[in-house]
Amino acid sequence: MKRNIVIAAVTAAALVGGGTATALATTGDDDRGAASRADVSVSDDGGVRDEADDRDDDRRDDSGAAAAKVTAADAVAAALADTPGTAVSAELDDEDDDGDDDGDDRRERAAWEVDVLSGDGTWHSVRIDPATGKVLASERDDDEDDTAEVRAALKGTSVDAAEAAKAAAGHGTVTSVELDDDGDHGDGRPAWEVETHASGKGEQDWRVDPKTGKVTADRSDHSDND
């Protein structure tokens, strides 16, 4: 009962103040006086969430990356073999939220999603099985509207998506690689953005120069939050 009162009080305070609060919740009855620590956070919308959930998410991401036998570079190669063009991004999607109830589980299983810009200017989304490298699905994507910007960013470059992924692989398992066509903070210097996962380090972001292949740490997220 005491634990419920504490959590209810913190939840009410967060709803009134519009902020986030943290409380030390106790368990057990008053006679025993036994207590155990539990970090409880109250979000702006009033939801209560154990802060350990964030650590659990990181562990699931790490395990999903480690389970993928097909690397980002391999996924790009498989996608281009099916749909010729230029790979602009590749991301390991370990939980697809767009699955239908039509009995086709190709949209529900984990997969590499590779965006390919073909020579005629059309975009295609190719899904690759992370265990076998087989093509699960390939469809035209009419939502993309930045073809000119992407082509301009790729002009004169010598490092493609697969090579960028290989360059950053020394820092951990690559889970995504994507072309930043307007540069860090819009500075006009394109780069490949690569995300890696490594045991004990979690998620890390890198930038790979599309002309030299040089890998540098991506500090943009940190500077945005300072």
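Note: hydrogens, waters and symmetry copies are ignored here, and every other heavy atom, side chains too, is used.
The side-chain hydrogen bond (donor to acceptor under 3.5 Å, both in side chains) check on Ser89 picks up Asp115, with sequence neighbours excluded. Residues passing the side chain to side chain contact (heavy atoms under 4.5 Å, CB included) test with Ala167, sequence neighbours excluded: Val208, Val215. Ser118 is linked by a side-chain hydrogen bond (donor to acceptor under 3.5 Å, both in side chains) to Asp120, Thr122, counting only residues two or more places apart in sequence or in another chain. Asp181 meets the salt bridge (Lys or Arg N to Asp or Glu O under 4.0 Å) test with no other residue; sequence neighbours excluded. Under the side chain to side chain contact (heavy atoms under 4.5 Å, CB included) criterion, Glu163 pairs with Val159, Asp160, sequence neighbours left out. Residues satisfying the salt bridge (Lys or Arg N to Asp or Glu O under 4.0 Å) criterion with Asp142, sequence neighbours excluded, are Arg140. With sequence neighbours excluded, no residue forms a side-chain hydrogen bond (donor to acceptor under 3.5 Å, both in side chains) with Asp209.
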Just list the side-chain donor-acceptor pairs under 3.5 Å for residues 148-156, sequence neighbours left out, or say none.
residue	atom	partner	partner atom	Å
Arg151	NH2	Gly119	O	3.1

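Identified under the ring-ring contact (aromatic ring centres under 6.0 Å, His included) test for residues 114-157, with sequence neighbours left out: none. Note on residues 135-180: pairs passing ring-ring contact (aromatic ring centres under 6.0 Å, His included), not counting sequence neighbours, are His171-Trp206. Residue pairs meeting the side-chain hydrogen bond (donor to acceptor under 3.5 Å, both in side chains) criterion with at least one member in residues 71-88, sequence neighbours excluded, are Thr71-Asp74, Asp82-Ser138, Thr83-Ser138. Within the structure, the ring-ring contact (aromatic ring centres under 6.0 Å, His included) test picks out no pair touching residues 128-155 (sequence neighbours left out).
In this structure, CG on Asp146 lies 9.0 Å from CG on Leu117, to the nearest 0.5 angstrom. Rounding to the nearest 0.5 Å places CD of Gln204 at 5.0 Å from OG1 of Thr196. Atom CZ of Arg127 sits about 4.5 Å away from atom CD of Glu113, to the nearest 0.5 Å.
Contact detail for Gly133 and Val70: the closest heavy-atom pair is N-CG2, 3.4 Å. Looking at every heavy atom in both residues, Pro190 comes nearest to Pro210 through O-CD, 3.4 Å. When all heavy atoms of Val76 and Ala161 are compared, the pair lying nearest together is CG2-CB, 4.4 Å. Among all heavy-atom pairs drawn from Gly85 and Leu80, the shortest one is O-CD2, 3.5 Å. Closest approach of Ala73 to Ala165, counting heavy atoms only: N-CB, 4.3 Å. Nearest heavy-atom pair across Ala111 and Pro130 is CA-CD, 3.7 Å.
Taking the side chain as every heavy atom from C-beta outward, Leu179 and Trp192 approach each other to under 4.5 Å. Using a 4.5 Å heavy-atom cutoff, the side chains of Val194 and Asp205 are not in contact. Residues Leu92 and Ser176 have side chains not in contact (no heavy-atom distance under 4.5 Å, counting atoms from C-beta outward). Counting only heavy atoms from C-beta outward, the side chains of Thr216 and Asp218 never approach each other to under 4.5 Å.
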Item to complete: Start with the C-alpha gap between Val126 and Val135, add the side-chain angles, then the distance that decides, and say whether side chain to side chain contact (heavy atoms under 4.5 Å, CB included) holds.
Response: CA-CA 7 Å; Val126 185; Val135 176; 4.0 Å; yes
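The closest side-chain donor-acceptor pair between Glu195 and Thr175 falls under 3.5 angstrom.
Side-chain atoms of Ser158 come within 3.5 Å of backbone atoms of Lys211 as a donor-acceptor pair (strictly under, hydrogens ignored).
Between Asp180 and Arg207 there is a salt bridge, with a side-chain nitrogen of the basic residue lying less than 4.0 Å from a carboxylate oxygen of the acidic one.
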